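First the structure, in the form of structure tokens, and then the observations on it.
Index from 1, following the sequence. The structure displayed is predicted, hence computed values, not measured ones. As a basis for the values below, the full set of heavy atoms in this structure was taken, side chains included, without hydrogen atoms, waters or symmetry mates.
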Amino acid sequence: QLRLVESGGGVVQPGGSLRLSCAASGFTLDHTAIGWYRQAPGEDREVIACISSRGTSTQYADSVKGRFTISRDNAKYMSNLQMNNLTPEDSATYYCAARVVSVSAGEAMCPRFLMEYDYWGQGTQVSVSS
């Protein structure tokens, strides 16, 4: 069974940090781009970061650029999202997603749209409050 499971969410004060993790099971990450997106109540989903399957390319939304860092460890079937200098506007449920390509396609690059991801996790909640 193919699964993505997020962890690491919680409550943090403004200016604090959290490290989210995304664990994959049932498939290899070698040909999988990993993205992170978030959704706050009443808001649209926002793709905030993505990393290609070999880690050669990363993308960030302007809202998190310079504060968040996406990484991956294919051998451990993991992706992490390091979030620093958090603000109340970062409060949301955070999800990881995977886009899988065939072996012959080479490196899986970050898709342009959220709908292009093939698998999604159940989310982990982040609350930034004093």
Side-chain angles (χ1 to χ4, degrees):
Q1 184 177 2
L2 307 179
R3 291 184 65 196
L4 294 171
V5 179
E6 303 91 340
S7 62
V11 180
V12 64
Q13 291 186 340
S17 298
L18 282 174
R19 184 177 178 86
L20 305 183
S21 295
C22 173
S25 61
F27 63 104
T28 176
L29 293 185
D30 293 343
H31 303 282
T32 303
I34 298 292
W36 285 87
Y37 67 99
R38 65 187 181 187
Q39 187 168 25
E43 301 288 334
D44 292 333
R45 294 177 182 179
E46 178 188 18
V47 178
I48 55 174
C50 179
I51 185 167
S52 60
S53 59
R54 298 174 187 168
T56 61
S57 174
T58 56
Q59 298 176 4
Y60 297 93
D62 289 342
S63 58
V64 306
K65 198 172 294 183
R67 300 187 298 124
F68 290 13
T69 303
I70 189 171
S71 62
R72 63 188 298 149
D73 187 335
N74 289 357
K76 296 182 179 179
Y77 299 85
M78 293 284 293
S79 172
N80 294 307
L81 185 69
Q82 177 67 42
M83 307 188 298
N84 298 328
N85 194 20
L86 287 162
T87 73
E89 289 69 34
D90 294 315
S91 297
T93 301
Y94 284 69
Y95 303 85
C96 64
R99 175 179 181 253
V100 183
V101 302
S102 63
V103 174
S104 60
E107 184 170 14
M109 304 307 292
C110 294
R112 290 186 61 190
F113 304 107
L114 186 58
M115 67 179 65
E116 296 179 76
Y117 287 97
D118 301 299
Y119 304 100
W120 298 266
Q122 295 300 307
T124 185
Q125 192 158 0
V126 172
S127 179
V128 184
S129 173
S130 56

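With sequence neighbours left out, Y117 forms a ring-ring contact (aromatic ring centres under 6.0 Å, His included) with no residue at all.
A40 approaches S91 most closely through the heavy-atom pair CB-O, 3.6 Å. Between L20 and W36, the shortest heavy-atom contact is CB-CH2, 3.7 Å.
In the hydrophobic clustering of this structure, I51 does not group with Y95; members are Ile, Leu, Val, Met, Phe, Trp, Tyr whose side-chain heavy atoms approach within less than 4.5 Å, directly or through other members.
Distance CZ/F68 to OG1/T58: 14.5 Å, rounded to 0.5 Å. Here OH of Y60 is found 7.5 Å from CG of L81. Values are rounded to the nearest 0.5 Å. Atom CD1 of I34 is separated from atom CZ of R99 by 12.0 Å, given to the nearest 0.5 angstrom. How far OG1 of T124 is from CZ of R38: 14.0 Å, rounded to the nearest 0.5 Å.
A side-chain N or O of Q82 and one of N84 form a donor-acceptor pair less than 3.5 Å apart. When only modelled atom types and interatomic distance are considered, S102 and S104 share a side-chain donor-acceptor pair under 3.5 Å.
Among pairs with a residue in residues 93-130, those fulfilling disulfide bond (SG atoms under 2.5 Å apart) read C22-C96, C50-C110, at least two apart in sequence or across chains.
When E6, M83, Q39 are each tested for a side chain to side chain contact (heavy atoms under 4.5 Å, CB included) with Y94, only one passes: M83.
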